[in-house]
Amino acid sequence: MQWTLVIPLKPLARAKSRLSDTAHDGMRPGLALAFAQDTVAAALACPVVKDVAVVTDDALAGRELAALGARIVADEPSGGLNAALAHGASAVRAERPECAVAALNADLPALRPLELSRVLDAATEFPRAFLADAAAIGTTLLAATPGRELLPAFGPDSRTRHRASGAVELLLDAVDSVRQDVDTGDDLRAALALGVGARTAAVAARLLIPGQ
């Protein structure tokens, strides 16, 4: 099964506020963009990913991610994360009604294509499925097979919310790069330990990060 990934990205100026202990205001937009670039590049290199749609209204991010090969979908609802994901999935399925769709976080800078492939292959067994984040509280990927609605419920404690919605949790080992999203300085250090993409590495090299 080939998948279309929908990746939401808020305006860079408002992104990654919880990284304030690690990166100052002037650096966080660049970090957020680097995270998204490395996420999209790895996703497009995944053998079971047909294409990637990024839902964003940020002009710079749109240009940079389109240059990597992503389709850019305007965040017309401007109603938050779940509205953006539902809109992106709808836009994708307006052209290919029977495609398999998965929502993927934009802050997975250590993402490895083959690990993503393992997760998506496992998701083909269920109408809807999700992968919990490294903290085992949130969600980094939510998948819907052909003919099934995505029904995103991201936000606080989304692992519980997605499970309650009927999505099956994927209990997989050795997919750490798909679980490791980055919201805090500790998250960034964990991603760097896994090995991040070139763009994140370049920006992170300008930060003074203890232990790195």
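In what follows, every heavy atom counts, from backbone to side chain, and hydrogens, waters and symmetry copies are set aside.
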Legend entry - Option from D187, D107, D181 for which salt bridge (charged side-chain N to carboxylate O under 4.0 Å, His left out) with K16 holds: D107

So which heavy atom on [X] is nearest to which on [Y], and how close?
X	Y	result
P109	T200	CB-OG1, 3.3 Å
A43	L5	CB-CD1, 3.6 Å
L151	L142	O-CD2, 4.0 Å
E98	P146	O-CB, 3.0 Å
L85	L150	O-CD2, 4.4 Å
A122	L172	CB-CD1, 4.0 Å

Inset, instruction - Could you walk me through whether F35 and L9 pass side chain to side chain contact (heavy atoms under 4.5 Å, CB included), step by step? - result: CA-CA 10 Å; F35 295 164; L9 182 62; over 6 Å; no

Tell me which donor-acceptor pairs under 3.5 Å the side chains of residues 45-55 have, and how far apart each pair is, sequence neighbours excluded?
unit_1	atom_1	unit_2	atom_2	d
D51	OD1	T4	OG1	2.5
D51	OD1	R96	NH2	3.3
D51	OD2	R96	NH1	3.3
D51	OD2	R96	NH2	3.4

Inset, instruction - Name all pairs fulfilling the salt bridge (Lys or Arg N to Asp or Glu O under 4.0 Å) condition that reach into residues 52-80, sequence neighbours left out, sorted by first residue then second. - result: R71-E95

Legend entry - Electrostatic pair R118:D121 at N-O distance under 4.0 angstrom: no

Check whether any side-chain heavy atom of [X] lies under 4.5 Å from a side-chain heavy atom of [Y], and answer yes or no.
X	Y	answer
R161	P156	yes
L188	L207	yes
R199	V203	no
L111	D38	no

How long is the span from the [atom1] atom in [X] to the [atom2] atom in [Y], to the nearest 0.5 Å?
X	Y	atom1	atom2	result
L12	L31	CG	CG	11.0 Å
L120	Q2	CG	CD	10.0 Å
M27	L19	CE	CG	10.5 Å
L170	L131	CG	CG	6.0 Å
R163	T160	CZ	OG1	5.5 Å
L116	L104	CG	CG	6.0 Å

Do you reckon [X] sits in the same ILVMFWY cluster as [Y], going by side-chain contacts under 4.5 Å, direct or chained?
X	Y	answer
V182	V40	no
M1	L44	yes
I72	L60	yes
V101	F130	yes

Legend entry - Residue pair Q37, L33: steps toward the side chain to side chain contact (heavy atoms under 4.5 Å, CB included) verdict: CA-CA 6 Å; Q37 288 173 303; L33 177 57; 3.7 Å; yes

Inset, instruction - Please name all residues satisfying side-chain contact (heavy atoms from CB on, under 4.5 Å) with A201, sequence neighbours left out, ordered by chain then number. - result: V196

Legend entry - For A143, side-chain contact (heavy atoms from CB on, under 4.5 Å) partners two or more places apart: W3, A102, A123, L141

Legend entry - Side-chain donor/acceptor of R28 to backbone N/O of A23, under 3.5 Å: yes

Legend entry - Expected output: side-chain R128 to main-chain S165 donor-acceptor under 3.5 Å: yes

Inset, instruction - Among residues two or more places apart or on two chains, list those pairs meeting side chain to side chain donor-acceptor pair (under 3.5 Å) that have a residue in residues 80-93. - result: none

Inset, instruction - Quick one: which residue pairs count as a side chain to side chain donor-acceptor pair (under 3.5 Å) with a foot in residues 139-155, not counting sequence neighbours? - result: T139-S158, T139-H162

Inset, instruction - Decide side chain to side chain contact (heavy atoms under 4.5 Å, CB included) for L194 and R112; before the verdict, give the C-alpha distance in whole Å, the side-chain angles of both, and the deciding distance to 0.1 Å. - result: CA-CA 10 Å; L194 286 174; R112 296 181 179 130; 4.3 Å; yes

